[in-house]
Amino acid sequence: MRQELSTSLFSITHRGRTITGRQVLRNHRQLTVQLVHPHGLLVCHLNMPAFMGACGATLIGPFGDETRERVLRLLYADAVRFRSLLPGMVQSLPPGDERTSAFMESMDEQLERAHRECPETQALPWNHPVRFRKEVQWLRHQGEWPDGRRLSLLHEDPEMEWQLLLLLHHALHQRFNVEGAWGEWVGN
């Protein structure tokens with residue numbers, strides 16, 4: 001198993017369903033959680049504001065445990081929402097349409113640049129949780145919105161927008177028709 005996938009797994013029960021997540025990073029001021037099952041791949045990174053740290057707040061201990069569980073529930077809700085949105089988004093971008101071609105070309109170009117700068121991710125399968133997380137990080141910090149447009153999401157989180165765009169890109173390549181497509185890896 002890859003080192004990065006061996007980070008601590010944890011599960012919660014939410015509305016009668018067991019949801020599994022991975023705590024990728026956790027220290028006094030930072031927390032990164034990735035959804036593993038069901039509908040894996042989505043990730044959330046939190047930074048505690050400096051003033052909270054100065055007041056003695058920490059993400060280590062019970063407050064951090066509660067926060068990571070809350071983040072996992074929110075990631076699961078986003079994953080369910082994204083899974084229901086993707087078919088409609090794919091239909092709105094039909095093959096051969098100029099908008100579809102422009103979106104696909106832009107995303108392909110950006111992902112190629114990301115892989116040139118971080119070549120170890122290109123060796124991983126397209127739906128590997130580590131590859132997905134690193135591609136989203138690169139897109140968020142160095143990518144450009146395809147065709148200059150942004151998605152309108154309720155929470156207006158740029159990282160979630162990039163995650164949805166990357167999932168849409170994979171959906172347009174018809175990659176979600178295979179088992180484990182959402183990053184639900186046996187080794188998780």
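- Atom NE2 of H14 sits in a crowded spot, with more than 12 heavy atoms from other residues, nucleotides or ligands closer than 6.0 Å.
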- side chain to side chain contact (heavy atoms under 4.5 Å, CB included) between L139 and M107, intermediate numbers included: CA-CA 9 Å; L139 288 166; M107 288 297 286; 4.2 Å; yes
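- Contact annotation: the side chain of F82 never approaches that of L168 to less than 4.5 Å [non-hydrogen atoms, C-beta and beyond].
- Across every non-hydrogen atom of L75 and V33, the tightest pair is CD1-O, 3.4 Å.
- The two residues L124 and R131 have their closest heavy-atom pair at O-NH1, 2.5 Å.
- Taking all atoms of both residues into account, the shortest heavy-atom contact from D108 to H173 is OD1-NE2, 3.7 Å.
- In terms of hydrophobic clustering, with Ile, Leu, Val, Met, Phe, Trp and Tyr side chains grouped at heavy-atom distances under 4.5 Å, L172 and M89 are assigned to a common cluster.
- At a threshold of 4.5 Å between side-chain heavy atoms, the hydrophobic network of Ile, Leu, Val, Met, Phe, Trp and Tyr places V80 and L165 in one connected group.
- Both L46 and M48 sit in one connected hydrophobic cluster of ILVMFWY residues. Membership requires side-chain heavy atoms under 4.5 Å apart, directly or through other members.
- One finds the CH2 atom of W126 at 5.5 Å from the NE2 atom of H170 (value rounded to the nearest 0.5 Å).
- In this structure, CZ in F103 is found 7.0 Å from NE2 in H169, a value given to the nearest 0.5 Å.
- For R99 against S92, the heavy-atom pair with the smallest separation is NH2-O, 2.7 Å.
- If you take CD on Q163 and CD on Q137, they are separated by 9.5 Å, rounding to the nearest 0.5 Å.
- Using a 4.5 Å cut-off on side-chain heavy atoms (C-beta onward), Q34 and T32 make no contact.
- Of the possible donor and acceptor atoms, none in the side chain of E159 sits under 3.5 Å from a partner among the backbone N and O of C44.
- Taken to the nearest 0.5 Å, the CG atom of D65 stands 6.5 Å off from the CD atom of E69.
- Taking 4.5 Å as the limit, every side-chain heavy atom of W162 sits out of range of all side-chain heavy atoms of L166.
- Considering H115, H128, Q122 in turn, H115 is the only one that fulfils the side-chain hydrogen bond (donor to acceptor under 3.5 Å, both in side chains) rule with E135.
- Hydrophobic clustering of Ile, Leu, Val, Met, Phe, Trp and Tyr side chains at less than 4.5 Å, counting indirect connections, keeps V43 apart from L41.
- Residue V71 is grouped with residue F63 when hydrophobic side chains (ILVMFWY) are merged at heavy-atom distances under 4.5 angstrom, including chains of intermediate members.
- Put simply, CZ on R73 and OG1 on T13 are 10.5 Å apart, with the number rounded to the nearest 0.5 Å.
- Within the 4.5 Å cutoff, side-chain heavy atoms of I19 are placed close to those of L35.
- Here the shortest heavy-atom pairing between L59 and R26 reads O-NE, 2.7 Å.
- With rounding to the nearest 0.5 Å, the separation of CG in L85 from CG in D78 is 10.0 Å.
- Considering only heavy atoms from C-beta on, P94 comes within 4.5 Å of T100 through its side chain.
- Of all the heavy atoms in Q110 and G143, the pair that sits closest is OE1-CA, 2.9 Å.
- H45 pairs in a side-chain contact (heavy atoms from CB on, under 4.5 Å) with only one of the listed residues (L25, L31, V136), which is L25.
- Under the 4.5 Å side-chain criterion, counting only non-hydrogen atoms from C-beta, T20 is not in contact with L72.
- At least one side-chain heavy atom of R17 sits under 4.5 Å from a side-chain heavy atom of P38.
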